[in-house]
Amino acid sequence: MKYVSTRGQAPELTFEQAMMTGLARDGGLYLPETIPTFSAAEIAALEGLPYEEVARRVVAPFIGDSFTDAELRQAIAKAYGNFGHIARAPLVQLAPGHHLLELFHGPTLAFKDFAMQLIGQLFQIALARSGDRITIVGATSGDTGSAAIEAFKGLANVDVFILYPHGRVSEVQRRQMSTPSEANVHALAIDGHFDDAQARLKDLFNDHTFRDEVGLAGVNSINWARVLAQVVYYFTAAVSLGAPLREIDFTVPTGNFGDIFAASIAKEMGLPIGKLVIATNQNDILHRALTTGEYRTGTVEPSISPSMDIQVSSNFERALYLAYGRDAGAIRQLMDELKSGGFTISQGALRHLRETYVSGRASEEETTAMIRTIRAEAAEVICPHTAVAVKVARENLRPGVPMISLSTAHPAKFPDAVEAALGIRPPLPPHMADLFERDERITQVPNDAEALKALVRDRRRA
Ligand SMILES: *Cc1c(COP(=O)(O)O)cnc(C)c1O
């Protein structure tokens, strides 16, 4: 299996190389040259299997010779063995025909653990084989950073630097990043928004001298291996509700477009996903793009669902690449126009995108109201990101077609928003009960690439 860049000017890579690299050297994102497909019989055979076995079957066709079957089995077993639920990604019913897919039973209580725990294991296998040292630098709106620190802390040949927007993550998110005591992990509070953090991260990757000097590796959702790990739960969920014999709809609370792009891959592989609904908060660039064909960045309005407070959705480039019929030249042009504020999606590509995705948005008031509604109707306490999805999903229900809304974080990760809606503070699960007593370690950094490079050079263990 070969991986190609959406901008067409970076070398083709193997799965392992694409995973270790993250962002392509031409600024693009890696995608498999072709998407493997499953027959209806192969999909039906997934019914009732353990999550780990479904993961092995779904992931294997994408990794080629990069890992042996034994290595893959071992990595998957270790990745999900410490999750707090035997089903790993259990379904809970909200209403007739509407289900929640709970993706918050991993160590940091958000769906990011599904991908990060797996790539943590795969990185260890690859680094043990090569003897290389790497430096992981990531940008986070909160959940990626905590998941990455949890997955890579204490590893001998990895240093981890996580940039998060100062003052714009929840206290639980911040403490999950700042309290691990392992010397190889560093929480960096950048003076700016998430988009600033992501832009500085790209600056570091685009400085090829620096990149090679420190062995820079990326674990943001631009990393193909992360998208791939997220394809798995669309299969387990859809098959539990009757796929491949019936269609299943999904609604995904969307920020950087990684999670919903994984759903589109599952669909390409043959999973009968009907409607695939993008749910955004008030930062609704994706909803506007699908509605108007204009992809224009505005300013980020901080919301109660902060993990979706994004204006530039990095993984949308992958969806555009597929919608433009894998025309890398067209993508280079669009990304150039994006630097000066935005672009118009061509009619053909827009038609293609609308065949795959529909979209909707939830305001702050609607999000809070939905947390209340679901508590009243289904006795479930949901996090604000999940509430955004549930609100938009309810506008897209179809008779006879099950809808699955993704529940991307545990409500205790966003206690202020939940308390504002319900008047109760959801408790942290036992393994994290003392989070607020642990010591924090944070470095403040300016919104400046050169200062960041200096800090990484200084702190990494050479
Ligand atoms: C990251 C995140 C999202 C958005 O996912 P993307 O893959 O970036 O679209 C939604 N909800 C929560 C809780 C998250 O952590």
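Each ligand, and each atom within it, is numbered from 1 in the order the structure gives. Because the structure is a prediction, the values reported are computed rather than measured.
The closest protein non-hydrogen atom to atom 7 (O) of ligand 1 is Asp259 N, 2.9 Å. Protein heavy atom closest to atom 8 (O) of ligand 1, with residue, atom name and distance, is Asn256 N, 2.8 Å. Taking atom 9 (O) of ligand 1 as the reference point, the nearest protein heavy-atom neighbour is Gly255 N, 2.8 Å. The closest protein non-hydrogen atom to atom 1 (C) of ligand 1 is Lys112 NZ, 1.4 Å. Nearest protein neighbour of atom 12 (C) of ligand 1, counting heavy atoms only, is Thr408 OG1, 3.3 Å. For atom 15 (O) of ligand 1, the nearest non-hydrogen atom of the protein is Asp143 OD2, 2.4 Å.
Here Phe38 and Phe235 bring their ring centres to under 6.0 angstrom of each other.
Close contacts between ligand 1 and Thr254 involve ligand atoms 9 (O) [criterion: under 4.0 Å to a heavy atom]. Those atoms of ligand 1 that come under 4.0 Å of a heavy atom in Gly258, given as number and element, are 6 (P), 7 (O), 9 (O). Atom numbering of ligand 1 starts at 1 in the shown order; those under 4.0 Å from a heavy atom of Phe257 are 6 (P), 8 (O), 9 (O).
Phe205 has its side chain within reach of Leu216: a pair of non-hydrogen atoms, C-beta onward, lies under 4.5 Å apart. Counting only heavy atoms from C-beta outward, the side chains of Phe250 and Val277 never approach each other to under 4.5 Å.
Phe62 and Trp224 have tilted rings, their planes meeting at an angle from 30° to 60° on a 0 to 90° scale.
With a heavy-atom cut-off of 4.0 Å, Phe111 touches ligand 1 through its side chain alone.
A heavy-atom separation below 4.0 Å is found between Pro253 and ligand 1.
A side-chain N or O of Gln176 and one of Lys413 form a donor-acceptor pair less than 3.5 Å apart. For the residue pair Ser363 and Glu366, a side-chain donor N or O sits within less than 3.5 Å of a side-chain acceptor on the partner.
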Problem set entry | CA sep, side-chain torsions, deciding dist, call: Thr344, Glu337, side-chain contact (heavy atoms from CB on, under 4.5 Å) | CA-CA 9 Å; Thr344 306; Glu337 289 174 36; 6.0 Å; no
For this session: Apply side-chain contact (heavy atoms from CB on, under 4.5 Å) to Phe111 and Ser407, showing your working.
Result: CA-CA 8 Å; Phe111 83 93; Ser407 182; over 6 Å; no
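By the 3.5 Å distance cut-off applied to N or O atoms, Ala409 is not counted among the residues near ligand 1.
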